[in-house]
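Input: a single structure, listed below in structure tokens.
Everything numeric here is computed off the predicted structure, so don't read it as measured data. So that the names make sense, note that chain A is the first sequence line, chain B the second, and so on, each numbered from 1.
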Amino acid sequence: MQPFTKHVIAIISRIPSGHVMTYGQIAALAGSPRGARQVVRILHTQTRAHKLPWHRVVNAKGEIALQEDLARMDQRMSLESEGVHVTALGTIDLEQYQYWPDPESI
DNA sequence: GCCATGGCTAGTA
DNA sequence: GCCATGGCTAGTA
């Protein structure tokens with residue numbers, strides 16, 4: 001496993017309940033500003049093994065990025081149960097909910 | 001080759 | 001809309 005992958009896993013696992021981070025933000029913090037798509041892949045492959053809070057990751061516009069209706073519903077329910085408000089269109093107010101880890105902890 | 005991205009343009013109103 | 005991006009994985013040699 002690459003350092004980038006480990007880093008991404010560590011960052012995602014530390015997103016607190018009630019907050020979200022974006023793919024690009026995670027990639028940049030992990031040292032690869034253009035690596036947003038890799039974050040997608042890592043979420044796919046590593047969520048189970050590491051019990052990642054996959055539902056706390058959204059796209060740069062603050063939207064639920066999933067395509068499938070059932071999965072979108074799952075993410076919406078998970079976020080709302082943590083107190084994150086999701087609009088009818090599936091968007092989250094990043095101003096309010098985006099998490100910025102303490103740079104010291106990275 | 002794949003993408004649950006992202007950022008920049010073209011083209012409408 | 002469009003397409004450059006880039007680490008990872010599947011699948012061939």
Evaluate the side-chain proximity of Ile64(A) to Ile92(A): yes if any heavy-atom separation is below 4.5 Å, no if none is. yes
Quick one: does Gln46(A)'s side chain get under 4.5 Å of Ile12(A)'s, heavy atoms only? no
How many angstroms lie between [atom1] in [X] and [atom2] in [Y], if you round to the nearest 0.5 Å?
X: Leu89(A); Y: Glu63(A); atom1: CG; atom2: CD; value: 8.5 Å
X: Asp74(A); Y: Arg76(A); atom1: CG; atom2: CZ; value: 12.0 Å
X: Ile42(A); Y: Gln38(A); atom1: CD1; atom2: CD; value: 7.0 Å

Looking at every strand, decide which applies to Gly35(A) at a 4.0 Å heavy-atom threshold: base, sugar-phosphate, or nothing. nothing
Using a 4.0 Å heavy-atom cut-off, does Arg34(A) contact any base of the nucleic acid, only the sugar-phosphate backbone, or nothing at all? sugar-phosphate
Say whether, by atom type as modelled, one donor and one acceptor occur between the side chain of Tyr99(A) and the main chain of Gly18(A) under 3.5 angstrom. no
Tell me every residue that passes ring pair (Phe, Tyr, Trp, His ring centres under 6.0 Å) with His55(A), counting only those two or more places apart in sequence or in another chain. none
Sequence neighbours left out, what passes side chain to side chain donor-acceptor pair (under 3.5 Å) with Thr87(A)? Give chain and number order. Thr91(A)
Who passes side chain to side chain donor-acceptor pair (under 3.5 Å) against His44(A), sequence neighbours left out? none
Just to be sure I follow the notation: if a pair is Watson-Crick (purine N1 to pyrimidine N3 plus N6-O4 or O6-N4) or a G-U wobble (N1-O2 and O6-N3), each under 3.5 Å, what dot-bracket string does DNA chain C give, with | for pairs to another strand? ||||.|||.....
Contact span of DNA chain C against chain A, any nucleotide atom under 4.0 Å from a heavy atom, 5' to 3', runs dA4(C) to dT9(C)
Closest nucleotide of DNA chain C for Lys61(A) versus for Gln2(A): which of these residues is on the 5' side? Lys61(A)
Residues from residues 39-51 of chain A sitting under 4.0 Å of DNA chain B, heavy atoms only? Val40(A), Arg41(A), Leu43(A), His44(A)
